[in-house]
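Below is one structure, written out as structure tokens; the observations come after it.
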Amino acid sequence: MIERYHPFRHQFPQSGSKELQIFSILAQSFFQPFSLKDNLLVILTALTAGSGLGFNRAMLFLVDGNELKGEFWLGPASAEEAASLWQILSNHEIGYSEIIDYNRRLLMDENNPLVQKIRQMSFPLYAAEPSLPALAASSREIIHVKDAFNEPLVDRQFLEIINVDEFLCIPLLSLDEIFGEIILDNAITRQPIKVQDIELASLCGLAAGNYIYVTRLQQRVMEMKKQAALGEMAMFVTHQLRNPLVIIGGFVDQLLSSDIDEKRKMRNLKIIKEEILRLEQIMDRLTRFFRIEIKEKVPVNLMEIFKITMDNIKPFIKSKKIIIESEIEPGLVYVLSDPVYLGEALRNLVENSLEALQDKGVIRLRAFRENNDWIVISVEDNGQGIPEALKERIFEAFTSTKEKGLGLGLAYVKRFMEANGGHIKVESQEGEGTIIKLYFKAR
Amino acid sequence: MKKKKRILIVEDEKNLCLLYREELEKEGYKVIAVTNAQKALDLIKKSHFDLIITDIRMPVKDGLELIEDIMGIRKDIPVIINTAYQSYRHDFMTWAAEAYLIKSASLDELKAKIKELIG
């Protein structure tokens with residue numbers, strides 16, 4: 001017998017120690033679809049949730065250049081507020097997104113005294129004699145402050161704001177970077193900070209540091225991927241533009257030479273004009289590709305758009321052995337989309353099909369309900385299919401195997417479908433044919 | 001009269017084929033231009049060429065595969081890569097081509113390279 005559990009839980013564990021609960025939250029924050037700051041807020045919530053175990057209040061400072069800057073201050077401003085907050089957070093039904101919602105509302109509140117105070121605070125990290133709180137981050141040490149009002153290392157302005165005689169400073173670090181610092185205290189219950197609390201908080205600090213580190217790394221990788229894609233694109237565009245330019249330049253040179261006859265002159269001018277038109281076309285297609293934006297979706301009549309698509313392609317069908325037909329599920333009248341973009345997308349797909357057929361076969365346009373949520377428009381052909389090696393790359397822009405074309409066709413359709421709130425699927429068997437399915441939301 | 005040197009051009013752009021053919025014929029070469037690598041291979045198997053000029057990115061079979069195939073048939077034919085892509089240049093040393101040229105509106109560099117290789 002086996003039992004299966006989903007690794008990411010939406011609810012916090014209802015049993016187990018406070019330690020287990022905190023670690024559950026920390027571990028989950030890696031997998032949540034929320035922003036870095038939202039997730040850090042949840043970690044602070046975990047450290048402060050509950051009256052008897054955690055801390056009462058938590059402050060988060062993040063490093064900004066050479067400074068430690070105040071970001072959040074979480075916790076009740078008074079004993080009365082504490083009672084109601086802990087009541088909410090001790091509810092077992094409460095999950096990750098509820099806490100994020102709660103925290104967002106808390107921080108949006110302009111009147112929240114803790115938020116107002118923390119945002120004004122910043123401390124130089126690399127001062128000659130750093131004071132607390134900056135000292136903990138710059139020295140990469142956990143610092144437990146007792147009898148703060150008599151401790152000269154504590155910054156006086158900071159002490160005035162936090163107004164508590166005992167607190168704990170936890171730096172957020174990776175091996176080679178300082179990201180920030182968490183300050184924890186028990187201002188409401190006045191309970192002394194125990195050794196176990198320090199151990200737990202320092203582990204949370206390590207995990208949060210790791211979490212920030214990984215998130216920043218991910219952002220850098222994404223940025224690099226984007227740069228690489230951009231480089232690939234620039235290379236392709238350059239190539240596409242260079243050929244016409246070389247041709248124009250070469251034939252202009254011939255025109256400039258003295259030994260050219262009239263017939264040649266005319267031929268060269270014709271070629272030059274052709275190439276200039278091609279340059280214009282390339283620019284047009286690139287512009288259109290980068291500008292897909294659907295402002296408003298309207299009902300697009302399926303029968304009409306199929307008819308337009310078929311009428312447009314017919315002049316290009318040279319063989320009598322190529323049949324193009326359409327089929328719409330009874331009762332299905334329209335999809336919600338932009339008729340211009342959709343028309344363009346279908347034209348692209350039908351042209352691809354026509355090319356795949358060579359000189360005989362069937363192209364079929366179909367519209368049907370896949371289920372209650374999705375309506376599908378499919379373009380099918382029984383042509384040569386997409387080679388296995390190419391399948392992964394067919395949606396990438398600027399990948400083309402054709403004699404002509406920018407390799408924008410399928411990339412364009414995909415961008416359009418995403419802008420339309422749907423998606424695209426490809427089923428293809430080499431030698432048997434291809435089905436491209438466009439998914440539109442049914443409502 | 002001295003026999004003309006034979007050049008095979010592999011280039012998928014028809015107008016470029018025409019331009020190169022005319023310009024190189026002026027220089028006294030016999031030029032044959034084809035638009036894909038498969039056609040080029042068929043020709044190389046059948047007849048003699050003194051030089052091959054090829055693009056890299058082409059439909060059906062790209063220029064790099066072509067060079068590999070040529071090596072399998074006639075190792076001694078010099079090859080010039082003539083392309084719009086700058087970025088392949090750094091890998092070029094590992095390929096068995098004699099020169100790597102970036103397509104340019106001026107054909108002087110190409111002509112000079114051909115002269116250097118086959119006279």
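Below, chains carry the letters A, B, ... as their sequence lines are ordered, and counting in each starts from 1. Values reported hereafter were calculated over all heavy atoms of this structure, with side chains retained and with hydrogens, waters and symmetry mates removed.
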- Quick one: do B/Glu116 and B/Lys113 make a salt bridge, cutoff under 4.0 Å? yes

- In terms of heavy-atom proximity below 4.5 Å to chain A, should B/Leu107 be classed as side chain, backbone, both, or neither? neither

- Could you point out which residue of A/Asn352, A/Leu410, A/Asp381 forms a side chain to side chain contact (heavy atoms under 4.5 Å, CB included) with A/Ile436? A/Leu410

- Message: Atom CD of residue position B/Glu109 - does it have more than 12 heavy atoms of other residues, nucleotides or ligands inside 6.0 Å?
- Response: no

- Message: If we define contacts as heavy-atom pairs under 4.5 Å, which of B/Glu22, B/Glu23, B/Lys103, B/Lys26 has the most with chain A?
- Response: B/Glu22

- Just by distance, with hydrogens left out, do B/Tyr20 and B/Asn82 show a side-chain donor and acceptor under 3.5 Å apart? yes

- Top contributor to chain B interface from A/Glu275, A/Arg264, A/Glu274 [non-hydrogen pairs under 4.5 Å]: A/Arg264

